[in-house]
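Any value given below was found using the heavy atoms of this structure, including those in side chains, with hydrogens, waters and symmetry copies removed.
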Amino acid sequence: MYASYVYFHKANIPKPMDTTDLLKNNEFFSNLDESDLKSLAEKVSKRTYPKNTIVINVGDDSSSMYLIESGSLKVTVSNEDGKELILAILKAGDCFGELSLLDDKPRSASVVALEQCSLVVLHKAVFLQLLEQNPKVAMHVIRYLCLKIRFTNSIAQSLALMDVYARLRDYLYTLATPVEEGGEGTVAIPLTHKEIASRVGSGREVISRILKQLETGEYLAIDKKIITLKKKLPNGF
């Protein structure tokens, strides 16, 4: 379901994570011992990107992956008409661009900073050297790629089999924290109708109409772009 693969990041900016800990918590490198982690940490570089900066553009040639030390970013694709679909919201501890370490293909999606971000950059040459020295890392890479395939399948299934309302409902439940048993919860980050539409693969007009109907039915309330779920949303609409 769509809710299972959309990530939510609160507005506050967490304290940057230590580079060694950041690597240790990543699926690729979690099996490395402390000395290897420290050695790898010395071979990476760091970059800071202001809010709204394009970190990766679809079609770019590149050979590095990024680990997020602080901040949040969105992963998007768009069509020729400029309609955008947000695939994921990434936060501290997440990574992106890892496919470029394994092939020479152009970037398959764009990544944009939603706020000022600090990123750790790992280049392909360093990663390949790591694989040669630590073959067990390859198994973690395989597992990670399996997760990516399941992630892609979830997106395809959601867009193909779930209607717009079902995707919107699950998305709101994902963002609302905490969601009480009765259905109450608050989406703490302000969202425009256009942003919501981009994240559930729909048009702004459709989202605006559904949200208005939910407001009229007193299922939710919207104040200054903050959405409060007042009771359990209906299964169909």
Pair Ile207-Val164, side-chain contact (heavy atoms from CB on, under 4.5 Å): steps then yes or no: CA-CA 8 Å; Ile207 296 301; Val164 173; 4.0 Å; yes
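- Asp33 pairs by the side-chain hydrogen bond (donor to acceptor under 3.5 Å, both in side chains) definition with Ser35, not counting sequence neighbours.
- Other residues sharing the hydrophobic cluster of Ile142, ordered by chain and number and joined by side-chain separations under 4.5 Å: none, the residue standing alone.
- Side-chain contact between Asn134 and Asp36 is present, with at least one heavy-atom pair separated by less than 4.5 Å.
- The side-chain contact (heavy atoms from CB on, under 4.5 Å) check on Leu131 picks up Phe127, Leu128, Val137, Ala138, with sequence neighbours excluded.
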List the steps, then state whether side-chain contact (heavy atoms from CB on, under 4.5 Å) holds for Leu229 with Tyr173. CA-CA 9 Å; Leu229 304 183; Tyr173 275 141; 3.8 Å; yes
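- Looking at every heavy atom in both residues, Cys95 comes nearest to Leu67 through CB-CG, 4.1 Å.
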Can you list the steps and then say if Val126 with Val44 is a side-chain contact (heavy atoms from CB on, under 4.5 Å)? CA-CA 8 Å; Val126 175; Val44 301; 5.7 Å; no
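- Between the side chain of Arg107 and the backbone N or O of Gly97, at least one donor-acceptor pair lies under 3.5 Å.
- Glu69 and Ala92 get closest at one heavy-atom pair: O-CB, 3.7 Å.
- For Thr216, there are no side-chain hydrogen bond (donor to acceptor under 3.5 Å, both in side chains) partners two or more places apart in sequence or in a different chain.
- When hydrophobic side chains of Ile, Leu, Val, Met, Phe, Trp and Tyr are connected at separations under 4.5 Å, Ile226 ends up as a singleton with no cluster partners.
- In this structure the side chain of Ser62 never reaches within 4.5 angstrom of the side chain of Ile56, judged on heavy atoms.
- Cluster membership for Ile68 and Ile54, using ILVMFWY side-chain heavy atoms within less than 4.5 angstrom, is not shared.
- Residues Asp103 and Lys124 share a closest heavy-atom pair of O-NZ, 3.7 Å.
- Scanning for side-chain contact (heavy atoms from CB on, under 4.5 Å) contacts around Ser45 gives Val121, His123, with sequence neighbours left out.
- Every residue meeting the salt bridge (charged side-chain N to carboxylate O under 4.0 Å, His left out) condition with Lys74, not counting sequence neighbours, appears here in chain and number order: Glu84.
- Contact of the Leu130 side chain with the Leu122 side chain is not registered, since no non-hydrogen atoms from C-beta on lie closer than 4.5 Å.
- With rounding to the nearest 0.5 Å, the separation of CG in Leu214 from CG in Leu220 is 5.0 Å.
- Lys212 is linked by a salt bridge (charged side-chain N to carboxylate O under 4.0 Å, His left out) to nothing, counting only residues two or more places apart in sequence or in another chain.
- For the atom pair Ile222 CD1 and Ile227 CD1, the distance stands at 4.5 Å (nearest 0.5 Å).
- With sequence neighbours left out, the side-chain hydrogen bond (donor to acceptor under 3.5 Å, both in side chains) criterion links Asp60 to no other residue.
- Scanning both residues, Pro50 and Ala113, for their nearest heavy atoms gives O-CB, 3.5 Å.
- Taking the side chain as every heavy atom from C-beta outward, Asp94 and Leu73 never approach each other to under 4.5 Å.
- Side-chain contact between Leu191 and Lys225: absent, with no pair of heavy atoms (C-beta onward) separated by less than 4.5 Å.
- In the hydrophobic cluster analysis, where Ile, Leu, Val, Met, Phe, Trp and Tyr join through side-chain heavy atoms closer than 4.5 angstrom, Leu114 is grouped apart from Val58.
- With rounding to the nearest 0.5 Å, the separation of CE in Met139 from CG in Asn31 is 10.5 Å.
- Ser208 is linked by a side-chain hydrogen bond (donor to acceptor under 3.5 Å, both in side chains) to His193, counting only residues two or more places apart in sequence or in another chain.
- A distance of 7.0 Å separates CD1 of Ile86 from CD of Glu195, quoted to the nearest 0.5 Å.
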Could you go through Ile196 and Leu168, starting from their C-alpha distance and side-chain angles, then the distance that decides it, and tell me whether this counts as side-chain contact (heavy atoms from CB on, under 4.5 Å)? CA-CA 8 Å; Ile196 296 173; Leu168 172 62; 3.5 Å; yes
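- Residues in residues 56-102 take part in these ring pair (Phe, Tyr, Trp, His ring centres under 6.0 Å) pairs, two or more places apart or across chains: Tyr66-Phe96.
- Neither Met65 nor Val112 shares a network with the other; the hydrophobic side chains, linked directly or stepwise wherever heavy atoms of I, L, V, M, F, W or Y lie under 4.5 Å apart, form separate groups for each.
- Between Val200 and Leu85, the closest heavy-atom pair is C-CD1, 4.5 Å.
- Nearest heavy-atom pair across Glu34 and Lys24 is OE1-NZ, 4.2 Å.
- Note on residues 31-59: no pairs pass ring pair (Phe, Tyr, Trp, His ring centres under 6.0 Å), not counting sequence neighbours.
- Separation of atoms CD1 (Ile210) and CZ (Arg169) is listed at 11.0 Å; rounding is to 0.5 Å.
- One finds the OG atom of Ser30 at 8.5 Å from the CZ atom of Arg143 (value rounded to the nearest 0.5 Å).
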